[in-house]
There are 2 protein chains.
Amino acid sequence: MKIAEVSEKYGLSVDTLRYYERVGLIPPVHRNEGGIRDYNELDLRRVDFIKCMRSAGLPVEVLIEYMGLVQQGDSTIEARKEILVEQRDLVAARLEEMQKTLNLLNHKIEVYEKAILKKEKEMLQIEELMEEG
Amino acid sequence: MKIAEVSEKYGLSVDTLRYYERVGLIPPVHRNEGGIRDYNELDLRRVDFIKCMRSAGLPVEVLIEYMGLVQQGDSTIEARKEILVEQRDLVAARLEEMQKTLNLLNHKIEVYEKAILKKEKEMLQIEELMEEG
DNA sequence: CTAACACCTGGAGTCGACTCCAAGTCAAGG
DNA sequence: CCTTGACTTGGAGTCGACTCCAGGTGTTAG
């Protein structure tokens, strides 16, 4: 799969895909004879994983470290687990924060909706008064 | 309440509080005779609201617009509601993404934990073999 | 009377994460 | 054979959101 298609598929720009590879967030992608990127299954899974983690706010730096450890093999399993646990806790905390914010937003929207309805009712009454007058 | 206390209370740096005020995210805070910020109840509620919204990822620019509309009074209620609805939907979407990521992280952590246990068991077996031998 | 301290201002600097660009390579179509 | 278009590179530029700094003021402690 060539880079433009990957970009399309995952909603990441071509530049972002190349950037991820440059900084080591994703190991070098498979290339065809002409030296052009040709993402294989593994490459795609990595892109998917990184996209998922980034969208939850995990810092690029942390993911670089993690992916580096993955490359080093089984001896780094404990270290990798530590990273994931730490990040999991951060994500869970953010999730809770966001849930609170979401509730507040919904509440505020409700209040605004009521205020708008009230305003509309008043408008109607004014119209009625004008018809009477 | 003076700025250092507000900073402490909301976990925002003094510089951030002043920055929020400068860019219009929070309207000018009450000052004492000496011209020093002295946050009153309303000021604090605004800080709290902004902190909450920022922590959910609402852009500063959007919040500036929103707070500007609040200052303009009742005629802007519809516009404000529109902004909140739009942002609410974005927060809800992000929340869902993060929940997926959290699940994935938990799954991966579990896998790592099993791998670590297995490794430990193997170590034990090796120790036993050495004792026998 | 002066030193320390907490505050003030406007402006510049930093940081993370892209995003854009100039210059070059290669394959396919007219 | 030449152009078009999608790809390549390294490096520079941008953007959002702070964060820091120099220089100044005002109050309190010794």
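Protein chains get the first letters and strands the later ones, always in sequence-line order, with residue 1 at the start of each. Side chains are part of it too, since the values below use all heavy atoms of this structure and drop only hydrogens, waters and symmetry mates.
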Say whether, by atom type as modelled, one donor and one acceptor occur between the side chain of B:D43 and the main chain of B:N40 under 3.5 angstrom.
yes
The side-chain contact (heavy atoms from CB on, under 4.5 Å) partner of B:V47 among B:T16, B:L42, B:I26 is B:I26
For the CD1 atom of A:I77 and the CZ atom of A:R80, what is their distance to the nearest 0.5 Å?
5.5 Å
Nearest 0.5 Å, what's the CD-CD distance between B:E86 and B:E82?
8.0 Å
Do the ring planes of B:F49 and B:Y66 sit parallel (below 30°), tilted (30 to 60°) or perpendicular (above 60°)?
tilted
Using modelled atom types only, decide if a donor and an acceptor are shared between the side chain of A:R46 and the backbone of A:V29 within a distance under 3.5 Å.
no
Between B:A4 and A:P59, which residue's closest nucleotide on DNA chain C lies nearer the 5′ terminus?
B:A4
To the nearest 0.5 Å, what is the distance between CD on A:E96 and OG on B:S55?
11.5 Å
Between A:R18 and A:E21, is any pair of side-chain heavy atoms under 4.5 Å apart?
no
A:R31 side chain near C:dC26 phosphate (N/O to OP1/OP2, under 4.0 Å):
no
Here the residues of residues 45-58 of chain B within 4.0 Å heavy-atom distance, strictly under, of DNA chain C are none
Between A:K51 (side chain only) and A:Y10 (backbone N and O only), is there a donor and an acceptor less than 3.5 Å apart?
yes
Heavy-atom check, side chain of B:K2 versus side chain of B:E5, under 4.5 Å
yes
Mind checking side-chain contact (heavy atoms from CB on, under 4.5 Å) for A:Y19 and listing every partner two or more places apart, or none if nothing turns up?
A:V23, A:V60
Using whole Å, what does the distance between atom C1' of nucleotide C:dA6 and atom CE of B:M1 come to?
16 Å
Would the distance check show the side chain of B:D38 and the main-chain N or O of B:R31 forming a donor-acceptor pair, the cut-off being under 3.5 Å?
no
Residue pair B:L69 / B:Q72, side-chain heavy-atom distance below 4.5 Å
yes
Specify the residue among B:V60 and A:K2 whose closest nucleotide of DNA chain D lies further upstream toward the 5′ end.
A:K2
Near DNA chain C, under 4.0 Å by heavy atom, which residues of residues 10-24 of chain A?
A:D15, A:T16, A:Y19, A:Y20, A:R22
Is there a residue in residues 87-98 of chain B whose heavy atoms reach under 4.0 Å of DNA chain C, and which residues are they?
none
With a 4.5 Å cut-off on side-chain heavy atoms, are B:L105 and A:M53 touching?
yes
Provide the start and end nucleotides, 5' to 3', of the part of DNA chain D that has atoms under 4.0 Å from heavy atoms of chain B.
D:dA17 to D:dC20
Stretch residues 34-44 of chain A: residues that reach within less than 4.0 Å of DNA chain D through a heavy atom
A:G35, A:I36, A:R37
Given the ring of B:Y39, does B:K9 sit roughly above its face, with NZ or CZ under 6.0 Å from the centre of the six-membered ring and within 45° of the axis?
no
